[in-house]
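For ligands, and for the atoms within them, numbers begin at 1 and follow the listed sequence.
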Amino acid sequence: MTENTRTTPETVRTVACVGAGVIGGGWVAHYLGRGYQVVAWDPAPDAETKLRGLVASAWPALEQLGLAEGAALTNLRVVDTLAEAVADADFVQESAPERLDLKIDLLAEIDAATPEGVVIASSTSGYSMSEMQVEAATPERLVVGHPFNPPYLVPLVEVVGGDRTEQWAVDWASDFYRAAGKSVISMDQELPGFIGNRIQEAAWREALHMVAEGEATVEQIDQAMTSGPGLRWAFFGPCLTFHLAGERAVWRTCSTTSARP
Ligand SMILES: NC(=O)c1ccc[n+]([C@@H]2O[C@H](COP(=O)([O-])OP(=O)(O)OC[C@H]3O[C@@H](n4cnc5c(N)ncnc54)[C@H](O)[C@@H]3O)[C@@H](O)[C@H]2O)c1
């Protein structure tokens, strides 16, 4: 049996962060602020100095937002090997560079070293778990947990499994992220770009088009978003915004589309 029997999502104590750059370091800051013990590993020679610098610069914001009971910078341990990082982990967050060959090898290595049943999540923004889990011995516990930068300030995380992931792992990871203070979308299917970036890219495509056609300047586009729809979208999202504006036809289309099998 490979299902996690070690701990429940709500009683996780130790999180391993593999890869500690911009996103891995941001995850470390988030987990520390939430009161977890964090063990980090990154092969770069200056990784520990950079990581501690990133966490120190994030800490005042986390203090202002409110630290969890027991949260402390001293709960961070930076170790010399991957095996040491994951040995006692209740959950593993991988945030290594976005290269498919590297992710495939690294996830297989993490999988081999991590205690049975512990869920392993990748921060990837571009690859599907189906592509990345091909060399892992126990792929059923591998999921994507896609954050937004910086993970200690932006709440969204998109969770999705691959062809060989079992549903319990997606559910466990989603529950864990919720317990860790994130806003979670648990996705039913793999989708290139996930959801948040797909919407962001659609707006970005239109912005590039308007600039290329000479229809608007970059300043006008930024002002239009930050003083206009961006304010509404931040609170309600585009669908509820249009619904509240009385666009019943648009809302019907959204509802019908989301109800499609
Ligand atoms: N930057 C973003 O806005 C963003 C947002 C969401 C998700 N992501 C994803 O997060 C992941 C990390 O991106 P990043 O922006 O933090 O990159 P980054 O280059 O800042 O950090 C990558 C870190 O991984 C380390 N590393 C190199 N080889 C490694 C290995 N074999 N094992 C473990 N660590 C290794 C590097 O030393 C570096 O510190 C990528 O998959 C990326 O797609 C990035």
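Taking all heavy atoms of Gly196, Gly26, Ser95, Pro45 into account, the minimum distance to atom 12 (C) of ligand 1 is reached by Ser95. When Ser123, Gly19, Ala96 are checked for heavy-atom proximity to atom 40 (C) of ligand 1, Ala96 turns out nearest.
Minimum interatomic distance between Val154 and Asn149 (heavy atoms only, all atoms of both residues): CG2-O, 3.6 Å. Nearest heavy atom pair, residue Gly21 against residue Leu54, reads O-CD1, 3.7 Å. Between Cys17 and Val38, the shortest heavy-atom contact is SG-CG1, 4.1 Å. Considering every non-hydrogen atom in both Ala29 and Trp59, the closest pair reads O-CZ3, 4.3 Å. Residue Val170 comes nearest to Gly161 through the heavy atom pair CG2-N, 3.7 Å, listed as atom of the first residue, atom of the second, then distance.
Given atom 8 (N) of ligand 1, the protein heavy atom at minimum distance is Ser125 OG, 3.3 Å. In terms of protein heavy-atom proximity, atom 3 (O) of ligand 1 is closest to Asn149 CB, 3.5 Å. Nearest to atom 21 (O) of ligand 1 among the protein's heavy atoms is Gly21 CA, 3.4 Å. Distance from atom 37 (O) of ligand 1 to its nearest protein heavy atom, with residue and atom name: Asp42 OD1, 2.6 Å. Among all protein heavy atoms, the one lying closest to atom 1 (N) of ligand 1 is Ile23 CG1, 3.7 Å. When only non-hydrogen protein atoms are considered, atom 24 (O) of ligand 1 lies nearest to Pro97 CD, 3.2 Å. Remark: minimum distance from atom 6 (C) of ligand 1 to any protein heavy atom is reached at Pro147 O, 3.2 Å. When only non-hydrogen protein atoms are considered, atom 35 (C) of ligand 1 lies nearest to Pro43 CD, 3.4 Å.
In terms of polar-atom proximity, defined here as any N/O pair under 3.5 Å, Glu98 does make such a contact with ligand 1. Considering backbone and side-chain N/O of Val22, one or more are found under 3.5 Å from N/O of ligand 1.
For atom 19 (O) of ligand 1, the protein comes within 4.0 Å by no heavy atom at all. At least one protein heavy atom sits closer than 4.0 Å to atom 32 (N) of ligand 1.
Residue Ala44 approaches ligand 1 through these ligand atoms, each under 4.0 Å from one of its heavy atoms: 37 (O). Distances below 4.0 Å separate heavy atoms of Trp41 from the following atoms of ligand 1: 32 (N), 33 (C). Ligand 1 places these atoms under 4.0 Å from at least one heavy atom of Leu106: 32 (N), 33 (C).
Here the rule is ring pair (Phe, Tyr, Trp, His ring centres under 6.0 Å) with Trp27, and of Tyr36, Tyr152, Tyr177, Phe91 only Tyr177 fits it. Considering Gln93, Glu98, Glu94 in turn, Gln93 is the only one that fulfils the side chain to side chain donor-acceptor pair (under 3.5 Å) rule with Ser123.
Side chains of Asp111 and Thr138: a donor on one and an acceptor on the other come within 3.5 Å.
Here Glu201 does not pair with Arg205 in a salt bridge; the nearest charged N to carboxylate O distance is not below 4.0 Å.
Between Lys103 and ligand 1 there is a heavy-atom distance shorter than 4.0 Å. Heavy atoms of Tyr127 come nearer than 4.0 angstrom to ligand 1 in no pair at all.
Of the heavy atoms in Lys50, none comes closer than 4.0 Å to ligand 1.
Taking 4.5 Å as the limit, every side-chain heavy atom of Val159 sits out of range of all side-chain heavy atoms of His146. Under the 4.5 Å side-chain criterion, counting only non-hydrogen atoms from C-beta, Val78 is in contact with Leu51.
Within a 6.0 Å radius of CZ in Arg178, other residues, nucleotides and ligands contribute more than 12 heavy atoms.
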